[in-house]
Amino acid sequence: MGSTSNGNEEKVVETVMVGRYVEMEQDGEEKTIKSRLSGLLWHGGSAYDAWFSCASNQVAQVLLTLPYSFSQLGMLSGILFQLFYGLMGSWTAYLISILYVEYRTRKEREKVDFRNHVIQWFEVLDGLLGKHWRNVGLAFNCTFLLFGSVIQLIACASNIYYINDKLDKRTWTYIFGACCATTVFIPSFHNYRIWSFLGLVMTTYTAWYLTIASLLHGQVEGVKHSGPTKLVLYFTGATNILYTFGGHAVTVEIMHAMWKPQKFKAIYLLATLYVLTLTLPSAASVYWAFGDALLNHSNAFSLLPRTAFRDSAVVLMLIHQFITFGFACTPLYFVWEKAIGLHDCRSLCKRAAARLPVVVPIWFLAIIFPFFGPINSAVGSLLVSFTVYVIPALAHMFTFRSAVAREHAVERPPRLVGGWIGAYMMNMFVVAWVLVVGFGLGGWASMTNFIRQINTFGLFAKCYQCPPPMPTLTPTPFPSNAQNATYPAIIPSPSPAPSYFVHHHHYHHGRP
């Protein structure tokens, strides 16, 4: 009788409302207008906040590179890969959420207090599977988030250039690196309420602008849709889509910011379904209108005529990339705080100052590798494949490999997928597919592409994929007998194309 009672008590733990991560706020403070406004805009922990965070973080700048991927894959493959990787990403995000709740419940039974501590993925792996899993998870997760932040900086420079080309993209990277460094002042995902909402509004506008503008523009003269033509391009495009739906490396941090993390289970799937309503119409429409021309233009903005609507989309995407930079970088801030012993510090200024060194390598890498588009595929194949697909699937299988662990699991696999047997089969399929197609073929294709990019444009490229500068016009001097002279035309002085533009066309078609 007593054991039954204890078992029921243990199950009750599952429904306990978890503690908040207490940043620089006072518990029990009097509700003033200021505090109410702060709660409305700043402190978010509901299921809706988590949905906005997931959807806003998932779509980001990759929205602009998906038409480029469609030109590599072809229309049919592009649509099918989006649907396939969207579902696969939702499944592994579900696995991460299950492992988080399992870890959290076990620790709370041991009376561990998390009110002033943000749980992260590597800590979940450590608590459930040991230090070796922790080290592998930490290495992949941090490296992926580091390059995820780098990609946001590169995207900022790439986009602003279409509004103001007086400065080259490298200079814009310097500027936006300084701007994005201000994210050190945002304590945690708990404080992204208004930013997540605005970010999703911005990407929604941009996606439908791309769709409508492409349809109104119509197909360019002589448009061709020849993809797929080469295996290198095909698997590069597929890996970019793998990267698109691999934005759940911050799932644990988003869950920890929730008041009831148990409600997260279906949130990522619902966010993915919404994201598909943005990515499928926009990528298909732009590819329909411009076809193979996209092989030379990894940013969809570059092919659409400049209008007030396009400029608005560019500005909104810039703001959204600032938000997404914060999403990718905040977990890195937490890791760094824990490493130097400042994670439980309640002073915002001290923590912000301590976080600044994290931004420096991101800034530097964005200047070294300014390859907007191809870098997504490289990160997708080498980092995303393990961070959010292979490791979560293996971790779920190893955590519940024993009958005792399955019997006492806080959350069991739904009957819809076939219970434990179905879950294990799906996990093995995810691991096999991602290792062979994502990491193997995708890694080969994306790195081949990336190396050609370096050979063509060089590291530290000043203005990646920029059109060549107009030739300098030099007037000839007037002759002494000016009255009877015939004036020659202005002769352009020779101006060789810059090295970063040479062979650009050949690169994108996979030729040496």
Side-chain angles (χ1 to χ4, degrees), residues 55-83 85-86 151-152 154-163 165 198-221 223-225 227 237 240-241 243-245 247 271-324 372-374 376-377 465 508:
S56 177
N57 181 53
Q58 189 178 128
V59 68
Q61 50 74 36
V62 80
L63 187 71
L64 305 176
T65 65
L66 285 174
Y68 169 62
S69 296
F70 268 51
S71 69
Q72 298 169 322
L73 289 165
M75 185 73 79
L76 180 60
S77 291
I79 293 172
L80 292 177
F81 268 115
Q82 281 204 40
L83 295 172
Y85 282 134
I151 288 170
Q152 299 310 317
I154 296 170
C156 286
S158 178
N159 289 342
I160 191 64
Y161 186 78
Y162 296 115
I163 290 182
D165 59 2
L198 291 177
L200 193 58
V201 170
M202 293 167 187
T203 49
T204 300
Y205 170 87
T206 303
W208 286 107
Y209 158 73
L210 292 174
T211 303
I212 296 170
S214 298
L215 294 176
L216 292 178
H217 182 279
Q219 292 185 315
V220 295
E221 186 177 354
V223 65
K224 292 182 179 179
H225 301 88
N240 186 39
I241 297 179
Y243 168 82
T244 303
F245 294 97
T272 298
L273 293 177
Y274 179 78
V275 165
L276 286 170
T277 68
L278 305 180
T279 58
L280 285 173
S282 59
S285 299
V286 177
Y287 179 53
W288 170 82
F290 298 101
D292 290 351
L294 285 159
L295 290 168
N296 297 332
H297 299 83
S298 58
N299 191 324
F301 282 143
S302 63
L303 288 172
L304 290 164
R306 183 171 183 179
T307 63
F309 293 108
R310 195 195 76 165
D311 286 355
S312 298
V314 171
V315 171
L316 291 177
M317 285 304 291
L318 286 172
I319 300 171
H320 182 262
Q321 280 146 14
F322 163 81
I323 298 169
T324 311
F372 183 67
N376 294 15
S377 298
Q465 283 191 346
H508 277 289

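Just so it is clear, the structure is predicted and the values come from calculations on it, not from any experiment.
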In the structure I gave you, are the side-chain heavy atoms of Asn159 and Leu64 within less than 4.5 Å of one another anywhere? yes

Could you walk me through whether His297 and Phe290 pass the ring pair (Phe, Tyr, Trp, His ring centres under 6.0 Å) check? CA-CA 10 Å; His297 299 83; Phe290 298 101; 8.7 Å; no

Are the side chains of Leu210 and Leu304 in touch, meaning some heavy atoms are under 4.5 Å apart? yes

Could you tell me if the side chain of Leu303 sits less than 4.5 Å from the side chain of Leu294, heavy atoms only? yes

Contacts of type side chain to side chain contact (heavy atoms under 4.5 Å, CB included), residue Phe322, not counting sequence neighbours: Cys180, Thr182, Thr183

Side chain to side chain contact (heavy atoms under 4.5 Å, CB included) assessment of Tyr68 paired with Asn299: CA-CA 7 Å; Tyr68 169 62; Asn299 191 324; over 6 Å; no

Between Leu276 and Phe245, does a side chain to side chain contact (heavy atoms under 4.5 Å, CB included) hold up when you go through it step by step? CA-CA 10 Å; Leu276 286 170; Phe245 294 97; 3.6 Å; yes

Is it true that His225 and Tyr287 have ring centroids separated by less than 6.0 Å? yes

What pair of heavy atoms forms the shortest contact from Ser282 to Ala207, and how long is it? CB-O, 3.5 Å

Please determine, by modelled atom types, if Thr244 and Gln58 share a side-chain donor-acceptor pair under 3.5 angstrom. no

Establish, from distance only, whether the side-chain atoms of Thr65 and Asn240 form a donor-acceptor pair under 3.5 Å. yes

Determine the minimum heavy-atom distance between Trp288 and Ser214, stating which atoms define it. CZ3-O, 3.9 Å

Heavy-atom side-chain contact between Ile151 and Tyr243 under 4.5 Å: yes

Side chains of Ile163 and Arg306: closer than 4.5 Å at any heavy-atom pair? yes

Heavy-atom side-chain contact between Leu66 and Gln82 under 4.5 Å: yes

Tell me the closest heavy-atom pair linking Asp292 and Gly227, and the distance in Å. OD1-N, 4.1 Å

Can you see which heavy atom on Arg310 is nearest to which on Pro305, and at what distance? CD-O, 3.7 Å

Relative to the ring of Tyr209, is the ring of Phe301 parallel (under 30°), tilted (30 to 60°) or perpendicular (over 60°)? tilted

Could you tell me if the side chain of Val315 sits less than 4.5 Å from the side chain of Ile160, heavy atoms only? no

Given 3.5 Å as the limit, does a donor-acceptor pair link the side chain of Thr203 with the main chain of Leu200, or not? yes

So, Thr204 versus Tyr274: side-chain donor-acceptor pair below 3.5 Å or not? yes

Minimal non-hydrogen separation, Ser285 against Thr211, with atom names: OG-CG2, 3.4 Å

Please find the pair of heavy atoms, one from Ala289 and one from Gly218, that lie closest to each other, and give the distance. CB-O, 3.6 Å

With a 4.5 Å heavy-atom cut-off, do Trp208 and Pro281 have their side chains touching? yes

